[in-house]
Amino acid sequence: MNRTLRAVLALLTSVAALLGLTTAFAGPAGAAHPPAGQATRYTMTAFTNTSESNMYVYDSPDATGFTLRKGPAYTPPSGLIRDPSIFKHTDGYYYLTYTTRTWSALSTTIGFARSTDRLNWTFLYDYTVPISGLQRAWAPEWFVDSNGSVNIILSASVAADGEWIFKPYKLTATNSSLTAWSAPTVLSGIGPNYIDTFIVKVGSTYHAFTKNETTKYIEYATASSLTGPYTFRKTGDWAGFGSYVEGPALVPLDNGGWRIYYDAYSAGKYWYSDSYDNFATWSTPTELPGLTGFVRHLTVLKETVSGGATLPTNTTRSLQSVNYPGRYAVVRSDSLGYVDPVTSSSTTAVKQSATLTIVPGLADANCYSFRDSAGRYLRHWDYRVRFDTSNNTAVFNKDATYCARPGSTSGSVGLESYNYPGRYLRHYNYELRVDPYQATDTFRADSSFTAVTPWA
């Protein structure tokens, strides 16, 4: 963990505790990695720079490294699909809603499709949005409220405001088959001239992330009701996302944070950033590995599914490098972690340095921590891996917790940092580090390990 950031977080935590605001920094209530036998799956739907006629489907175990599952996966009868939004309904089906016309054409409809498996889609219907004087109906986003109601947040422009002056509207499904909708209602307090409004609810508060079409910044507002009135809390470049950005989409992370994805369309890149303090501050934006510059205006659905990578807890194992099978994760005399050669003829001390006890994660029992024979834990500090004695702080526990992800080979695992999602335990020049995920075969092999029985 970066030392400056440590100091800031420690100060914030201390101040929060003094003011009785500790929960404000906790993120989504009850956030935790799924238990053994289950896994988190993030499904992404997007259109691409190369085609507005086709939708692509990707998924990821960690919201960072996405794998193409089908592409193209869906081409609607209209011949165009922009801004696809996905959710899973209580009937067991996945549903899409999307923009049906290109930016240069009059657009008064939004499209709907349905799937049993996220990959094969059946067109349902195009819905003519009943707004008087409607010019364009764009970027419909699903929002399921805590009372179970299924809503669409739609960006629309009307003749009275101007062809390119958008405001957000709410449509609520009036039947379980999602074929009938309430009259559109304007979200008060946002607009005019705001587009791509995306809403999440935390506790009793609705949080709206929306693009200011005048300044080209993504801004932030809150309300106690879905329809508002919304009050803007942050405007301008408040989070460091930059200008000429659009299409914000948020998803909760297993460790209690939130991730925002957004389209830096002017630069031709796609970015993400994370928040752990109720959306007040955000991490330095990072390009979405492997997909930046290709995907456009995506949404991501989080689910818990069966399966997942696991390790045996309360056992001693050695972590064998997948691409250097003669090397193992060890602690040297400098207390730093490396992958070093270990054989049956190695000294007892060398074998012991490669022997770790796998225990339930100090920060999350559904993840893992690794303890050496001296009782020290494998943790990261300034992104370098070292072995330290626990000081029983929340920061240390998070630094020393890693969540298992599928490795590059059968039976191997990747170990994602608990408090830095998207960073993985990997070796580089034989040094162990936690580095940002890269969509390359080399990185996947460098960050994959097999838990094997230690030497006698």
Side-chain angles (χ1 to χ4, degrees), residues 1-2 5 33-34 39-42 58-67 251 253-257 259 272-274 276 283-292 307-311 317-325 327-331 336-339 356 358 361-364 366-370 377-387 397-451:
M1 191 176 191
N2 180 276
L5 182 56
H33 287 260
T40 296
R41 181 177 70 193
Y42 296 90
Y58 303 81
D59 65 28
S60 168
D62 60 7
T64 304
F66 284 89
T67 300
V251 68
L253 300 173
D254 282 340
N255 66 359
R259 175 162 293 180
Y272 71 86
S273 177
D274 300 338
Y276 292 91
S283 63
T284 300
T286 303
E287 285 188 64
L288 186 60
L291 296 178
T292 183
T310 60
L311 291 170
R317 292 290 188 270
S318 293
L319 295 180
Q320 181 183 37
S321 168
V322 160
N323 53 350
Y324 289 88
R327 289 179 177 264
Y328 299 78
V330 304
V331 55
L336 298 178
Y338 301 83
V339 286
L356 304 173
I358 304 172
L362 299 181
D364 187 328
N366 294 316
C367 298
Y368 302 95
S369 293
F370 302 88
Y377 287 89
L378 184 155
R379 57 88 62 96
H380 59 82
W381 178 274
D382 280 349
Y383 308 129
R384 183 71 166 89
V385 167
R386 56 181 296 116
F387 286 77
N397 290 345
K398 292 175 182 179
D399 284 355
T401 299
Y402 300 83
C403 300
R405 306 301 188 192
S408 62
T409 60
S410 176
S412 69
V413 297
L415 293 167
E416 184 187 17
S417 167
Y418 180 81
N419 52 348
Y420 283 88
R423 283 183 176 264
Y424 280 74
L425 179 71
R426 62 85 62 99
H427 61 81
Y428 186 81
N429 285 340
Y430 305 130
E431 295 180 351
L432 287 175
R433 305 178 45 81
V434 286
D435 282 349
Y437 177 87
Q438 301 170 33
T440 65
D441 290 342
T442 296
F443 183 90
R444 284 189 285 267
D446 285 353
S447 59
S448 294
F449 299 86
T450 304

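Just so you know, residue 1 is the first one in the sequence shown, and it goes up from there.
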*Hey, what do you get for CZ (Phe443) to OH (Tyr428), rounding to the nearest 0.5 Å?*
12.0 Å

*With side chains defined as the heavy atoms from C-beta onward, is the minimum distance between Tyr377 and Leu362 less than 4.5 Å?*
yes

*Begin from the C-alpha positions of Tyr42 and Leu253 and carry the test side-chain contact (heavy atoms from CB on, under 4.5 Å) through to its verdict.*
CA-CA 10 Å; Tyr42 296 90; Leu253 300 173; 4.0 Å; yes

_Walk me through whether Lys398 and His380 qualify under side-chain contact (heavy atoms from CB on, under 4.5 Å)._
CA-CA 9 Å; Lys398 292 175 182 179; His380 59 82; over 6 Å; no

*With Glu287, which residues qualify under side-chain hydrogen bond (donor to acceptor under 3.5 Å, both in side chains), at least two apart?*
Thr292

_If I take atom OG from residue Ser448 and atom CG from residue Leu425, how far apart are they, to the nearest 0.5 angstrom?_
10.0 Å

_Under the ring pair (Phe, Tyr, Trp, His ring centres under 6.0 Å) test, residues paired with Tyr324 that sit two or more places apart_ = His427, Tyr430

*side-chain hydrogen bond (donor to acceptor under 3.5 Å, both in side chains) between Asn366 and His33: does it pass, once the steps are laid out?*
CA-CA 6 Å; Asn366 294 316; His33 287 260; over 6 Å; no

_Can you confirm whether Gln438 sits close enough to Arg426 that some side-chain heavy atom of one is under 4.5 Å from a side-chain heavy atom of the other?_
yes

*Can you list every pair that meets disulfide bond (SG atoms under 2.5 Å apart) and has a residue in residues 402-446, with sequence neighbours left out?*
Cys367-Cys403

*Using only heavy-atom distances, determine whether the side chains of Thr401 and Asp364 contain a donor-acceptor pair under 3.5 Å.*
no

*Could you state the interatomic distance from OH (Tyr418) to CG (Asn397), rounded to the nearest 0.5 Å?*
10.0 Å

*State, without any angle test, whether Asn255 and Tyr276 hold a side-chain donor-acceptor pair at a distance under 3.5 Å.*
yes

*So Phe370 and Ile358, side-chain contact (heavy atoms from CB on, under 4.5 Å) or not? Walk me through it.*
CA-CA 5 Å; Phe370 302 88; Ile358 304 172; 3.8 Å; yes

*Decide yes or no for Pro61 and Pro406: does some side-chain heavy atom of the first lie under 4.5 Å from some side-chain heavy atom of the second?*
yes

*asked:* Using the side-chain hydrogen bond (donor to acceptor under 3.5 Å, both in side chains) criterion, which residues pair with Tyr437? Sequence neighbours excluded.
replied: Arg444

*Determine whether the side chains of Asn419 and Ser417 contain a donor N or O and an acceptor N or O closer than 3.5 Å.*
yes

*asked:* How close do Ala309 and Ala404 get, counting heavy atoms only, and between which atoms?
replied: O-CB, 3.4 Å

_Run the side-chain contact (heavy atoms from CB on, under 4.5 Å) test on Tyr420 and Tyr383 for me, step by step, so that the C-alpha distance in whole Å, both residues' side-chain angles and the decisive distance to 0.1 Å come before the verdict._
CA-CA 10 Å; Tyr420 283 88; Tyr383 308 129; 3.7 Å; yes

*Compare all side-chain heavy atoms of Phe387 with those of Leu336 and state whether any distance is below 4.5 angstrom.*
no

*Are any of the side-chain heavy atoms of Tyr368 and Thr310 separated by less than 4.5 Å?*
yes

*Can you see which heavy atom on Val322 is nearest to which on Ser412, and at what distance?*
CG2-CB, 3.6 Å

_Shortest non-hydrogen contact from Ala39 toward Pro34_ = C-CG, 3.6 Å

*Asp274: partners by side-chain hydrogen bond (donor to acceptor under 3.5 Å, both in side chains), with sequence neighbours left out*: Arg259

_Any side-chain to backbone donor/acceptor pair from Tyr424 onto Pro421? Under 3.5 Å, distance only._
no

_Please find the pair of heavy atoms, one from Ser273 and one from Pro285, that lie closest to each other, and give the distance._
CB-CA, 4.4 Å

*asked:* Ignoring hydrogens, what is the shortest heavy-atom contact between Ser369 and Ala400? Give both atom names and the distance.
replied: OG-O, 2.7 Å

*Expected output: side-chain Ser318 to main-chain Gln320 donor-acceptor under 3.5 Å*: no

*At what distance, to the nearest 0.5 angstrom, does OG of Ser408 lie from CG of Asp446?*
9.0 Å

*Scan for salt bridge (Lys or Arg N to Asp or Glu O under 4.0 Å) pairs involving residues 413-423, sequence neighbours excluded, and state none if there are none.*
Arg405-Glu416

*Give, for atom CZ of Arg41 and atom CG of Asp59, the distance between the pair rounded to the nearest 0.5 Å.*
6.0 Å

*Which value, rounded to the nearest 0.5 Å, describes the distance between Leu319 atom CG and Leu415 atom CG?*
6.5 Å

*Relative to Tyr338, does Arg384 satisfy both conditions: NZ or CZ under 6.0 angstrom from the six-membered ring centre, and within 45 degrees of the ring's axis?*
yes

